[in-house]
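Below: the structure, in structure tokens.
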Amino acid sequence: MTKAATSVARKRIAGLLDEGSFLEIGGFVTARSTDFNMGAAAEPTDGVVTGYGTIGGSLVYVYSQDAAVLGGSIGEMHAAKICRIYELAMKMGAPVIGLIDCAGLRLQEATDALHGFGNIYRCQCDASGVVPQIAAVFGSCGGGMALVSSLADFTFMEEKARLFVNAPNTLEGNTAEKCDTAGAVYQSGQAGSADVGTEAEIYEKIRTLVAILPANNEEDGPLEECQDDLNRLCPEIASCGGDSLMMLRSVSDGGFVFEVKEKYHPEMVTAFIRLDGMTVGAVANRSAVYDGEGKKAVSYEKKLTTGGCGKASRFIRFCDAFEIPLLTFTEVTGFLAVKEEEAGIATAAASLTSAFAGATVPKVNVITGEAGGSAYLCMNSKALGADLVYAWPEASVTVMEPQAAARIMYAREIDGAQDKAATLKEAADRYAKMQGSAQAAARRGYVDHIIAPESTRKYLAGAFNMLYTKREDDAPVKKHSAV
């Protein structure tokens with residue numbers, strides 16, 4: 001049996017796909033270049049196993065790089081095999097899954113390899129928004145290969161894998177021991193490039209994605225029979241205390257939640273849930289995390305951040321491209337006020353605003369707490385085109401926090417009072433009741449209905465069922481948004 005026949009690359013494919021379903025394409029391809037005595041190193045597959053198979057009976061195309069053949073480096077024919085898989089996937093309308101273990105560009109093939117890299121990028125860009133792309137990094141993914149993983153819609157990373165554009169030791173003043181920028185902890189938490197797991201966990205996550213996502217942008221998403229009562233009350237949801245991930249589990253069919261980029265800016269949750277058997281994309285502000293014992297483990301400010309906005313923007317655009325409805329849980333009072341944020345928050349928030357405003361899929365917003373100022377507007381507000389906006393009774397919709405507004409509007413009254421604190425509180429309460437409550441927003445039509453927290457699932461299921469056939473044909477004629 002040849003080395004290629006027993007390679008880790010093939011074992012990975014076998015571990016991911018339905019048993020016995022994989023059929024190889026291009027198994028006899030070898031490198032064409034003979035420079036630097038490359039002819040002697042030529043082997044079948046040229047460092048990547050490509051083909052198609054099924055996951056849960058659904059067609060998928062897959063490539064798996066073989067580090068045992070020239071380090072899994074990308075040469076001319078290696079790249080051509082990957083591009084061939086993309087061409088077939090586009091014709092058939094099926095997802096592409098890349099199992100990455102690559103030493104980077106094959107230097108011996110020089111510009112032929114470089115051009116091959118560019119062809120892969122082009123194929124990925126062409127496929128973006130047409131078929132789902134999933135990447136899983138199991139070994140090295142460095143240099144230009146890092147773009148391949150980032151051009152995918154979903155990227156996973158094995159705990160010991162390496163992902164980088166520039167290796168840690170090439171960064172001035174840095175070493176891997178000081179800050180391992182190529183490691184899983186950095187790439188998942190700081191860079192937001194991947195979700196991390198064991199090999200088995202990654203396979204399971206990929207299988208779940210294939211099961212819940214449409215195969216292409218012209219297919220309806222998969223519907224499964226809902227075994228959960230659509231009118232089920234969620235009495236526990238009001239006590240989630242800002243942990244929107246717990247809220248999503250409460251309203252989703254059977255508690256199903258598939259979180260995306262969970263370690264990156266966790267104050268903004270992006271996840272898929274199920275409602276009446278339908279896949280729904282959820283974007284939610286988060287101010288707290290509770291542990292298994294119900295104790296608050298982490299707190300976050302109720303603010304939009306640069307990273308959180310960017311994370312949400314890309315997720316929204318994916319959902320819109322594949323006709324996946326969008327749900328938001330909104331509780332945000334402004335933008336995080338620190339110097340580091342100021343350099344990028346306006347651009348990132350503008351991108352989030354553009355993503356929501358441009359999305360034509362069904363959009364439903366639930367205001368669960370404080371909703372303030374421009375930050376609230378960015379979060380799928382009625383002004384940006386939300387189809388339905390619900391609010392819990394104690395929620396608020398304000399231009400700014402009531403005390404700050406009262407200080408401006410009632411400055412003379414407060415300054416002239418003997419008890420300034422009491423006067424400020426009275427003025428703030430008056431402002432909140434007249435202009436800041438959910439009821440005030442509902443009177444003006446900015447909130448469609450005030451709902452009891454425990455009834456949230458019932459209202460959401462009804463809303464998305466009603467919006468299932470939504471069509472928007474009155475958008476301005478343009479190529480695409482420039483933001």
Side-chain angles (χ1 to χ4, degrees), residues 100 132-137 141 146-166 168 179-198 201-202 205-206 208-209 242-249 257-273 281-290 297-319 326-332 335-336 338 340-341 343-345 347-352 355-356 375 378-379:
I100 296 173
Q133 300 178 65
I134 303 170
V137 181
C141 179
L147 275 68
V148 172
S149 69
S150 293
L151 281 167
D153 299 307
F154 304 95
T155 304
F156 301 100
M157 184 178 181
E158 202 270 333
E159 293 164 332
K160 296 180 180 179
R162 313 290 292 164
L163 175 58
F164 57 91
V165 174
N166 298 293
C179 180
D180 188 5
T181 54
V185 172
Y186 183 91
Q187 287 297 325
S188 61
Q190 295 293 110
S193 301
D195 283 304
V196 176
T198 64
E201 287 170 344
I202 290 172
K205 287 179 178 180
I206 294 174
T208 301
L209 276 176
D243 192 338
S244 53
L245 197 63
M246 292 175 62
M247 297 179 193
L248 291 172
R249 289 196 185 99
V257 174
F258 187 97
E259 191 174 3
V260 179
K261 294 189 178 180
E262 60 181 295
K263 300 294 185 184
Y264 183 64
H265 283 271
E267 80 283 350
M268 179 74 83
V269 173
T270 51
F272 294 110
I273 67 170
V283 177
N285 305 122
R286 188 185 202 185
S287 58
V289 177
Y290 290 86
V298 184
S299 294
Y300 306 106
E301 289 193 58
K302 299 174 184 179
K303 308 291 185 180
L304 291 183
T305 63
T306 301
C309 288
K311 168 182 172 178
S313 299
R314 184 162 181 177
F315 181 80
I316 293 161
R317 288 193 170 92
F318 175 85
C319 290
L326 284 164
L327 163 68
T328 45
F329 281 171
T330 300
E331 186 180 22
V332 64
F335 304 99
L336 187 62
V338 297
E340 293 76 13
E341 285 290 308
I345 186 60
T347 301
S351 180
L352 176 63
F356 271 127
C378 297
M379 285 295 298

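These values consider heavy atoms only, across backbone and side chains, with no hydrogens, waters or symmetry-generated copies. The model shown is predicted, which means the values in this text are computed figures rather than measured ones. Along the sequence shown, the residues carry numbers beginning at 1.
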TODO: Considering non-hydrogen atoms only, spot the tightest contact between Cys319 and Gly281 and give its length.
DONE: SG-CA, 4.0 Å
Task: Minimum heavy-atom distance Ala348-Ser313, with the two atoms named - done: O-OG, 4.2 Å
Task: Min side-chain heavy-atom separation Lys263-Val196 under 4.5 Å - done: no
- [ ] Report yes if the side chains of Leu327 and Leu248 come closer than 4.5 Å at any heavy-atom pair, otherwise no.
- [x] yes
Task: Validation row: Ser351, Arg317 side chains within 4.5 angstrom (heavy atoms) - done: yes
Open item on the list: So which atom in Leu304 and which in Asn285 form the shortest heavy-atom distance, rounded to 0.1 Å?
Closed with: CD2-ND2, 3.8 Å
Open item on the list: So which atom in Ser244 and which in Val269 form the shortest heavy-atom distance, rounded to 0.1 Å?
Closed with: OG-CG2, 3.6 Å
- [ ] Using a cut-off of 6.0 Å, state whether more than 12 heavy atoms not belonging to Glu262 lie near its atom CD.
- [x] yes
Task: Validation row: Met268, Lys261 side chains within 4.5 angstrom (heavy atoms) - done: no
- [ ] Output, in order, the C-alpha distance, side-chain angles, deciding distance and verdict of side chain to side chain contact (heavy atoms under 4.5 Å, CB included) for Ile316 and Leu352.
- [x] CA-CA 8 Å; Ile316 293 161; Leu352 176 63; 3.6 Å; yes
TODO: Mind listing the closest non-hydrogen atom pair of Met157 and Ala194 along with its distance?
DONE: CB-CB, 3.7 Å
Open item on the list: So does Pro168 get a backbone contact from the side chain of Asp180, meaning a donor-acceptor N/O pair under 3.5 Å?
Closed with: no
Task: Member of Phe272, Phe258, Phe356, Tyr264 meeting the ring pair (Phe, Tyr, Trp, His ring centres under 6.0 Å) criterion with Phe315 - done: Phe272
Task: Spacing of NZ belonging to Lys205 relative to CG belonging to Asp195, to within rounding of 0.5 Å - done: 5.5 Å
Task: Trace of the side chain to side chain contact (heavy atoms under 4.5 Å, CB included) decision for Val260 with Lys311 - done: CA-CA 9 Å; Val260 179; Lys311 168 182 172 178; over 6 Å; no
Task: Separation of Ser299 OG from Asp243 CG (nearest 0.5 Å) - done: 10.5 Å
Open item on the list: Are Met379 and Val283 packed together at the side-chain level, in the sense that at least one heavy-atom pair is separated by less than 4.5 angstrom?
Closed with: yes
TODO: Supply the atom-to-atom distance Phe156 CZ to Ile100 CD1, rounded to the nearest 0.5 angstrom.
DONE: 12.0 Å
- [ ] Give, for atom CG of Leu245 and atom OH of Tyr290, the distance between the pair rounded to the nearest 0.5 Å.
- [x] 13.0 Å
- [ ] Please examine the side chains of Thr306 and Leu336, heavy atoms only from C-beta on, and report whether any two atoms are closer than 4.5 Å.
- [x] no
- [ ] Could you list the residues that satisfy ring pair (Phe, Tyr, Trp, His ring centres under 6.0 Å) with Phe318, not counting sequence neighbours?
- [x] Phe154, Phe322
TODO: Please check if the side chain of Ser287 supplies one atom and the backbone of Lys302 the other of a donor-acceptor pair under 3.5 Å.
DONE: no
Task: Nearest heavy atoms of Gly308 and Thr305, plus distance in Å - done: N-OG1, 3.0 Å
Task: Gap between atom OG1 of Thr270 and atom CZ of Arg286 - 0.5 Å precision - done: 10.5 Å
Task: Rounded distance (nearest 0.5 Å) linking atom CD of Glu341 with atom SG of Cys309 - done: 8.5 Å
Task: Any donor-acceptor N/O pair, Gln187 side chain to Leu163 backbone, under 3.5 Å - done: yes
